[in-house]
Chemist: 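Pasting a structure below so you can have a look.
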Amino acid sequence: IGSPALPELIAHLSHHDPFVRGEAAMALGWMGPTASDAVPSLMAILTAPPKAGLNQTPLPVGLKADPSAETASPEENARAYAAQALGRIGPDAASALPALAQALHDPHAAVCAAAQLALKQIRGQVSPT
């Protein structure tokens, strides 16, 4: 969608719905270094404390949760997508290195994995794409 969408996507990073924030972060990540203006907003998503009551998606009546399956909430997905986007932005996201280092200790495995890869991408150890 390109540069013309950048301001609107950055605005959606502060949307009340974590699904919208996550999708905006994902789109910004695909823009790569062009999305460097989004770094502060992506860092805000990555470091935001979990919101009470939003970590569990209710199951339809009659379905039981599989305790062996890790399910991600929209908040967790938004954090993982924010980390991925920072990595894809690459060296222009160097100001996010401390936030990504902190995300290595996130309780959600996908956030940790995304942060680990993003750190390598920003440091130039692997390609951002």
Side-chain angles (χ1 to χ4, degrees):
I1 51 180
S3 300
L6 189 59
E8 191 69 27
L9 288 170
I10 291 173
H12 278 82
L13 293 175
S14 57
H15 195 277
H16 68 89
D17 185 336
F19 179 79
V20 173
R21 290 193 304 272
E23 293 298 309
M26 187 184 309
L28 288 161
W30 286 113
M31 292 175 76
T34 302
S36 62
D37 288 347
V39 169
S41 298
L42 291 165
M43 286 174 38
I45 291 172
L46 187 61
T47 59
K51 296 188 168 114
L54 293 178
N55 288 336
Q56 296 294 327
T57 303
L59 292 172
V61 175
L63 288 181
K64 303 222 185 263
D66 178 359
S68 66
E70 182 179 353
T71 56
S73 72
E75 290 286 342
E76 293 163 336
N77 284 334
R79 289 198 319 273
Y81 293 148
Q84 287 176 354
L86 290 165
R88 289 180 175 152
I89 290 169
D92 289 343
S95 62
L97 290 173
L100 288 163
Q102 181 180 353
L104 293 174
H105 305 289
D106 193 277
H108 185 55
V111 177
C112 295
Q116 185 175 33
L117 179 58
L119 286 165
K120 291 177 182 177
Q121 290 169 319
I122 292 169
R123 292 176 179 149
Q125 297 167 333
V126 296
S127 173
T129 54

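Note that the coordinates shown come from a computational prediction; the quantities given were computed from them, not determined experimentally.
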Chemist: Would you please name every residue forming a side chain to side chain donor-acceptor pair (under 3.5 Å) with N77, sequence neighbours left out?
Modeler: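 Partners of N77 under the side chain to side chain donor-acceptor pair (under 3.5 Å) test: none.
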Chemist: Give me the atom names and distance for the closest heavy-atom approach of S3 to T34.
Modeler: OG-CG2, 3.3 Å
Chemist: Not counting sequence neighbours, list each pair that qualifies as a salt bridge (charged side-chain N to carboxylate O under 4.0 Å, His left out) and has a residue in residues 27-42.
Modeler: none
Chemist: Where is the tightest heavy-atom contact between A78 and P18, given as atom of each residue plus distance?
Modeler: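 That closest heavy-atom pairing would be CB-O, 3.7 Å.
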Chemist: Indicate, with yes or no, if Y81 and L46 share a hydrophobic cluster defined by side-chain heavy-atom contacts under 4.5 Å among Ile, Leu, Val, Met, Phe, Trp and Tyr.
Modeler: no
Chemist: side-chain contact (heavy atoms from CB on, under 4.5 Å) with D92: which residues, sequence neighbours excluded?
Modeler: P33, S36, I89
Chemist: Between E75 and R21, what is the shortest heavy-atom contact and its length?
Modeler: OE2-NH2, 2.7 Å
Chemist: Could you tell me which non-hydrogen atom of A83 sits nearest to which non-hydrogen atom of A115, and how far apart they are?
Modeler: CB-N, 3.9 Å
Chemist: Return each pair, listed once, that meets salt bridge (charged side-chain N to carboxylate O under 4.0 Å, His left out) where at least one residue sits in residues 101-119; pairs must be two or more places apart or across chains.
Modeler: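 For residues 101-119, and leaving out neighbouring residues, the salt bridge (charged side-chain N to carboxylate O under 4.0 Å, His left out) pairs sorted by first residue read R79-D106.
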Chemist: Tabulate below the donor-acceptor pairs under 3.5 Å that side-chain atoms of residues 6-15 make, not counting sequence neighbours, or state none.
Modeler:
from: H12; atom 1: ND1; to: E8; atom 2: O; distance (Å): 2.7
from: S14; atom 1: OG; to: A11; atom 2: O; distance (Å): 3.0
from: H15; atom 1: ND1; to: D17; atom 2: N; distance (Å): 2.9

Chemist: Going by the rule side-chain contact (heavy atoms from CB on, under 4.5 Å), which residues pair with L119 if we only count those two or more places apart in sequence or in a different chain?
Modeler: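 side-chain contact (heavy atoms from CB on, under 4.5 Å) list for L119, sorted by chain: L97, L100, L104, R123.
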Chemist: Where is the tightest heavy-atom contact between A82 and L42, given as atom of each residue plus distance?
Modeler: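 Distance-wise, the nearest heavy atoms are CB-O, 3.6 Å.
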Chemist: I need the minimum non-hydrogen distance between V39 and S95, along with the two atoms involved.
Modeler: CG1-OG, 3.5 Å
Chemist: Which Ile, Leu, Val, Met, Phe, Trp or Tyr residues join F19 in one cluster when any pair of side-chain heavy atoms under 4.5 Å counts as a link?
Modeler: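 Besides F19, the cluster holds no residue at all.
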